[in-house]
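So the structure is just underneath, and the comments pick up after that.
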Amino acid sequence: MKPLNQLTAVEAVAAIERGETTATAIVQACLDRIAERNDQIQAFVACDPQRALTGAKQAQAMAAGPLRGVPFAAKDIFDTADYPTEYGSPIYRGHRPVTDAGCVALARHRGAVLIGKVATGEFATQTPSKAVNPLRVTHTPGGSSSGSGAAVGDYMVPVAFGTQTTGSIVRPAIYCGAVGYKPSYGLIATAGMKALSPSQDTIGVITRDVADAAFFTMGLHGARDVMSGSILRPRIGLCLSRQWDYAHPSTIAAIERAADTLQKAGARVTRFWLPAEFEALEATQLRLFAFEARQTLAQERLNSESLLSPRLQARLQSGADIGLDEYTGMLQHVAQMRARARSLFDDYDVLLYPAADGEAEAGHAYSGSPRYGAIWTLLHMPCVSFPLETGPGGLPLGAQLVGQYGQDNRLLAAARFATTVLGTPHRTTT
């Protein structure tokens with residue numbers, strides 16, 4: 001058996017059920033990895049080994065549970081009764097909620113074991129955390145789910161909750177050599193999560209493979225066998241847009257090679273151009289975010305503005321000129337576009353699209369552009385990002401598959417087909 005901290009969630013539950021190991025042993029292995037690496041990676045901002053081991057013993061004693069014994073981490077914008085929740089901001093230093101966020105409570109109810117809290121960008125925005133990329137510590141892990149990507153990419157936990165309001169799951173997953181799954185909007189309830197842009201905020205997971213993303217997310221709802229309806233020959237739309245102008249040539253070449261490989265494996269791959277009316281939603285997404293974030297962070301903006309980063313202050317100020325009429329007009333327009341988006345899937349099961357410009361950027365002041373998630377997040381569509389190959393700089397290049405709203409099982413099955421055909425790029429931690 002591989003080292004216990006490297007077991008996937010699926011492998012961990014199976015090994016526990018076969019009596020080959022225990023939840024306590026798996027959690028201890030994850031804690032040992034955190035003790036060894038976290039001073040360097042800075043993924044975890046709070047971790048209590050004794051509390052985690054107590055949770056593991058409770059999980060081991062459960063008679064059943066679809067997630068029994070799976071260690072997981074929660075991005076530090078989710079309330080937790082056992083740990084401080086600081087939202088990546090000095091405004092909330094030492095803040096202790098009295099209850100768990102809904103997704104954390106559900107995961108524990110299903111048998112998963114909370115290992116601790118992982119770093120987030122300030123209020124899940126673009127101001128970076130202190131986390132670094134476990135594949136190359138001089139580079140960004142992406143944001144805002146930086147700690148989630150780093151913890152999973154460094155084998156500290158097999159699963160971490162993240163959030164996406166623009167591209168904050170799909171990008172850090174790629175940068176850290178992992179898989180990012182942003183479900184259809186609302187599939188995981190946001191109760192107990194610090195809101196940012198409520199019409200877009202989506203909870204998802206970062207894992208090390210597609211099967212784990214499906215297993216853990218659907219396991220929250222009590223489901224187990226969620227991959228049985230796999231699409232053997234998915235119809236894939238290689239979706240072109242002006243956003244491709246920002247993608248590095250190495251990313252474009254990797255996606256083209258992946259498309260050819262998938263076609264040879266039996267998928268039907270067809271190139272098409274995203275209609276201009278959908279491309280225009282990128283600007284709408286930015287305006288909608290600015291208005292809503294200005295409202296959700298009103299308390300912080302009005303009473304503690306000096307403790308907000310200059311970057312976040314500027315983003316909130318950008319929404320000052322948006323009136324209520326414009327906001328409600330945007331909501332109406334976006335609702336119409338969400339209805340029209342169903343037509344994108346008349347001929348395709350999923351869309352293939354970039355997930356990041358290229359490899360993770362050097363340095364830690366910038367976490368990369370979230371642009372490739374903007375349209376799909378606004379449209380409430382589910383997305384799965386995954387590494388394709390190693391880029392010229394030695395770090396992962398990746399893509400995402402985008403599914404129709406509510407068709408998550410179809411998307412996950414297509415993503416599992418794609419990652420099985422394409423394989424997993426070789427990765428090392430430094």
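All values below come from the heavy atoms of this structure, side chains included, with hydrogens, waters and symmetry mates left out.
Applying the ring pair (Phe, Tyr, Trp, His ring centres under 6.0 Å) test to Tyr366 and every residue at least two apart in sequence or in another chain returns nothing. In terms of the side chain to side chain contact (heavy atoms under 4.5 Å, CB included) criterion, residue partners of Ala259 (sequence neighbours excluded) are, by chain and number, Leu238, Val269, Arg271, Leu352. Considering only residues two or more places apart in sequence or on other chains, Gln6 meets the side chain to side chain contact (heavy atoms under 4.5 Å, CB included) condition with Lys2, Pro3, Tyr155. Listed by chain and residue number, nothing satisfies the side chain to side chain donor-acceptor pair (under 3.5 Å) test with Glu36 (two or more places apart in sequence, or in another chain). Glu389 meets the salt bridge (charged side-chain N to carboxylate O under 4.0 Å, His left out) test with Arg257; sequence neighbours excluded. Remark: Arg340 pairs with Glu277 by the salt bridge (charged side-chain N to carboxylate O under 4.0 Å, His left out) rule, at least two apart or across chains. Residues that satisfy the side chain to side chain contact (heavy atoms under 4.5 Å, CB included) test with Val132, not counting sequence neighbours, are Ile41, Val137, His364. For Ala119, the side chain to side chain contact (heavy atoms under 4.5 Å, CB included) test picks out Val45, Ser129, Ala131, Ser146, with sequence neighbours left out. For Phe44, there are no ring pair (Phe, Tyr, Trp, His ring centres under 6.0 Å) partners two or more places apart in sequence or in a different chain.
Sequence neighbours left out, the pairs with a member in residues 350-366 that pass salt bridge (charged side-chain N to carboxylate O under 4.0 Å, His left out) are Asp357-Arg371. Identified under the salt bridge (charged side-chain N to carboxylate O under 4.0 Å, His left out) test for residues 59-85, with sequence neighbours left out: Arg51-Asp82, Asp76-Lys117, Asp82-Arg108. Pairs of residues two or more places apart, or lying in two chains, that qualify as ring pair (Phe, Tyr, Trp, His ring centres under 6.0 Å) and include a residue from residues 183-204 are Tyr185-His380.
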Subject >> Verdict with reasoning, Phe216 to Phe161, per ring pair (Phe, Tyr, Trp, His ring centres under 6.0 Å) >> reply: CA-CA 10 Å; Phe216 191 86; Phe161 279 120; 5.6 Å; yes

